[in-house]
Amino acid sequence: MLVDLLGDDPPAIAVAISQRLHTCADDVVVAHPSRLDSAAIAAQLAARFSSPLLFFLPSFQAALVEELGRLAPRRIWLMDGIPNSLRTAGAEIIRMPAEPEELIDWISSHDRSVVTGASPVAGNLALHSLVLTGDRLGILLAPRMRPSNEPSPVSDLVMGGGGWDAGASRLWLVDPARPAAGLAVAAAASSLGETALYWNPEETVGWADAGSALEEHAMGASEVWAVGAMPDSDRWWLEVNLSGPELPGGGRTMFPDRRLVAFYGATHTGVLGVLGEQGPAEGLERMAPYLEEYAADGVQTIPTFEMIATLATARAGRDGDYSGEISVEDMMPWVEFAAQEGVYVVLDLQPGRTDFLTQAKYYEELLVLPHVGLALDPEWRLKPDQVHLRQIGSVEAAEVNAVAEWLAALVRRERLPQKLLMVHQFRFTMIRDRETIATPPELAVVIHMDGQGPLATKYETWGALTAGTDEQGWHWGWKNFFDEDSPLATPEQVLELSPLVVFVSYQ
């Protein structure tokens with residue numbers, strides 16, 4: 001279960017944690033949220049007492065007084081500069097220095113079981129909590145926190161040890177952009193012997209690593225407490241990794257841990273590609289040698305049916321769009337077989353004079369399935385005065401992004417694993433403003449080089465299309481044509497391409 005501890009600032013978040021965990025408290029520690037160095041030390045004291053760590057701001061004083069009244073503490077530990085007006089009936093005020101060096105000495109004189117300093121203290125049950133560790137935030141529970149980039153004798157404050165329980169029933173998550181709120185979590189998690197992680201996949205470890213980190217630390221946890229408001233993509237990622245369905249081959253992220261090897265075509269005929277030359281079971285058997293060869297570099301290969309869902313037509317048809325839709329009912333037997341056999345499915349759209357989003361929505365019943373992705377083929381996207389085979393079609397990046405936005409929302413709504421969105425291309429003119437194509441975390445966006453012809457020409461096209469795209473966040477696909485390519489690229493040759501090919505199809 002995902003539990004939200006909402007709040008816009010550290011004082012509000014700290015009170016929310018206190019209200020969830022404490023009906024009363026003998027001791028309460030109150031610190032300045034802007035003094036992270038001193039607050040980190042105060043968090044250790046709060047952990048020692050198994051008490052709340054709260055924060056004072058003048059604008060939050062009334063709410064803080066109310067929470068202290070509810071807790072009815074015997075002792076309130078206040079940092080210098082925090083007013084005595086926080087005192088509640090019967091409570092003793094104990095003053096703590098606000099400067100970290102003085103606070104360390106002060107705490108040492110009051111309670112020597114609270115260990116402070118610049119070195120990790122493994123095994124101290126009062127100090128296991130959450131951390132920041134360089135550029136690997138959120139993956140590992142490490143033993144110290146850096147509150148400031150400024151050199152300081154206490155820049156490495158002890159905030160962790162070896163005593164946390166990886167099998168605790170609750171996992172805490174807090175955005176590393178909220179370090180003060182993180183300290184309130186640290187005190188709580190330390191007191192309870194629970195695990196806490198700084199959590200912001202997009203800014204820290206990346207979505208591909210986030211799932212494995214979450215799975216490792218959430219094992220056995222019945223609740224995940226998320227601290228602070230969470231973006232929709234983060235919430236989706238948490239929910240799907242905690243309890244959502246997996247992709248064929250396991251996991252919830254498409255790449256880089258898998259490569260899709262596809263047969264392309266229409267399921268009702270062999271004229272349009274190799275996929276329809278046999279039934280699904282025979283097609284899967286026919287793929288087996290290719291799957292083995294494409295796994296030569298150690299990447300797991302997943303059999304894939306790339307199914308033409310809408311077919312470019314020579315005539316306008318009843319709706320005038322020069323595109324014919326294959327019914328969901330006709331494709332469903334293949335899709336159901338794929339689900340049973342660990343096969344991924346890609347629905348390929350050739351929209352003619354209509355737009356990609358209109359056609360994508362037609363297949364929502366299939367796209368809500370975790371093993372079904374989507375491909376857009378701009379070659380067959382016509383302008384109002386164009387006809388197939390007289391012109392090569394094209395699409396604006398804005399139209400691709402409209403599909404991406406809709407599909408990402410679908411993934412979030414249905415709590416699906418990451419979904420493939422592929423765009424075919426063999427000429428620059430096929431995708432206008434390509435560099436603006438969005439790559440939301442809910443989708444793995446693949447640019448699929450699907451031209452045919454001599455291998456040397458295909459290499460040239462590949463080099464041109466992939467040049468200067470390292471920062472775009474796209475993945476790359478390659479297409480082989482059994483009859484038109486001369487010679488046909490071997491799996492070994494495809495695996496040698498750079499960037500790495502994650503989607504290979506055969507027509």
Side-chain angles (χ1 to χ4, degrees), residues 248-249 258-296 301-313 323-327 330-350 363 366 371-377 379-380 388-389 420 422-426 446 448-455 457-458 461-462 476-495 497 501-507:
R258 80 193 71 230
R259 175 179 291 113
L260 305 186
V261 178
F263 278 3
Y264 170 95
T267 57
H268 63 281
T269 176
V271 174
L272 299 173
V274 63
L275 184 66
E277 292 179 358
Q278 63 282 300
E282 295 80 7
L284 180 58
E285 183 178 356
R286 188 175 171 184
M287 277 189 215
Y290 298 94
L291 296 170
E292 183 177 352
E293 290 186 81
Y294 279 106
T301 56
I302 304 298
T304 303
F305 296 155
E306 187 179 358
M307 301 163 51
I308 297 173
T310 62
L311 178 62
T313 58
S323 179
E325 296 83 11
I326 297 174
S327 70
D330 286 343
M331 290 190 290
M332 188 62 79
W334 285 72
V335 174
E336 291 176 342
F337 173 87
Q340 296 169 2
E341 300 297 328
V343 176
Y344 199 75
V345 173
V346 180
L347 306 181
D348 198 83
L349 304 182
Q350 302 175 6
Y363 294 102
L366 298 178
H371 68 298
V372 179
L374 186 66
L376 314 180
D377 197 342
E379 179 182 3
W380 310 106
H388 294 303
L389 300 181
L420 177 73
M422 189 161 65
V423 187
H424 297 290
Q425 184 179 28
F426 56 84
V446 172
H448 188 234
M449 202 279 286
D450 69 349
Q452 58 183 254
L455 186 54
T457 302
K458 295 186 70 166
T461 302
W462 175 265
W476 290 94
W478 174 278
K479 189 167 187 177
N480 289 312
F481 290 81
F482 282 116
D483 298 328
E484 290 82 4
D485 286 352
S486 57
L488 188 71
T490 66
E492 182 179 14
Q493 289 171 319
V494 174
L495 293 179
L497 290 170
V501 173
V502 300
F503 189 101
V504 187
S505 63
Y506 285 84
Q507 180 174 345

* To do: For the residue pair T267 and D330, establish whether any side-chain heavy-atom pair is separated by less than 4.5 Å.
  =>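 Not touching, per the 4.5 Å side-chain cut-off.
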* Test item: H424 and D348 side chains (from C-beta on) under 4.5 Å apart, heavy atoms ->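 When only atoms from C-beta onward are counted, D348 and H424 do touch, with a gap below 4.5 Å.
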Supply the atom-to-atom distance [X] [atom1] to [Y] [atom2], rounded to the nearest 0.5 angstrom.
X: L455; Y: S486; atom1: CG; atom2: OG; value: 8.5 Å
X: L420; Y: H371; atom1: CG; atom2: NE2; value: 13.5 Å
X: T304; Y: M287; atom1: OG1; atom2: CE; value: 6.5 Å
X: L349; Y: L311; atom1: CG; atom2: CG; value: 11.5 Å
X: D483; Y: Q507; atom1: CG; atom2: CD; value: 9.5 Å
X: Y294; Y: L260; atom1: OH; atom2: CG; value: 12.5 Å

For [X] and [Y], work out which heavy atoms get closest and say how close.
X: I308; Y: A266; value: CD1-N, 3.9 Å
X: V345; Y: A338; value: CG2-CB, 3.5 Å
X: F481; Y: D450; value: CE1-O, 3.1 Å
X: G477; Y: V446; value: N-CG1, 3.6 Å
X: P248; Y: G342; value: CB-O, 3.4 Å
X: W380; Y: A312; value: CE3-CB, 3.6 Å

* Apply side chain to side chain contact (heavy atoms under 4.5 Å, CB included) to the pair L488 and Y506, showing each step before the final yes or no. => CA-CA 10 Å; L488 188 71; Y506 285 84; 4.3 Å; yes
* Got more than 12 heavy atoms from elsewhere within 6.0 Å of CD, Q493? ->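 Above 12, so yes.
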* Greater than 12 external heavy atoms within 6.0 Å of E292's CD ->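 Incorrect, the count does not exceed 12.
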* Tell me, with the steps shown, if Y344 and R258 meet side chain to side chain contact (heavy atoms under 4.5 Å, CB included). => CA-CA 11 Å; Y344 199 75; R258 80 193 71 230; over 6 Å; no
* Step-by-step side chain to side chain contact (heavy atoms under 4.5 Å, CB included) determination, V501 to W462 -> CA-CA 11 Å; V501 173; W462 175 265; 3.6 Å; yes
Donor-acceptor pairs under 3.5 angstrom involving side-chain atoms of residues 273-283: please list them, not counting sequence neighbours.
unit_1 : atom_1 : unit_2 : atom_2 : d
E277   : OE1    : R286   : NH1    : 2.8
E277   : OE1    : R286   : NH2    : 3.4
Q278   : OE1    : R286   : NH1    : 2.8
Q278   : NE2    : V274   : O      : 2.9
Q278   : NE2    : L275   : O      : 3.0
E282   : OE1    : G279   : N      : 3.4

* Is the side chain of D485 donor-acceptor paired with the backbone N or O of G453 at a distance under 3.5 Å, no angle test? ->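 At least one qualifying donor-acceptor pair exists.
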* Asked: Are the side chain of T313 and the backbone N or O of S323 linked by a donor-acceptor pair below 3.5 Å?
  ->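 Yes; judged by distance alone, with no hydrogens or angles, the pair exists.
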* Asked: Would M332 and L366 count as a side chain to side chain contact (heavy atoms under 4.5 Å, CB included) if you check the C-alpha gap in whole Å, the side-chain angles of each, and the deciding distance to 0.1 Å?
  -> CA-CA 8 Å; M332 188 62 79; L366 298 178; 3.5 Å; yes
* Asked: Taking the inter-plane angle between the rings of F337 and F305 on a 0 to 90° scale, is it parallel (under 30°), tilted (30 to 60°) or perpendicular (over 60°)?
  ->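 Ring orientation, 0 to 90° scale: parallel.
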* Asked: Per the side chain to side chain contact (heavy atoms under 4.5 Å, CB included) rule, which among E306, R259, M449, K479 passes with F503?
  ->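 When E306, R259, M449, K479 are each tested with F503, the side chain to side chain contact (heavy atoms under 4.5 Å, CB included) holds only for E306.
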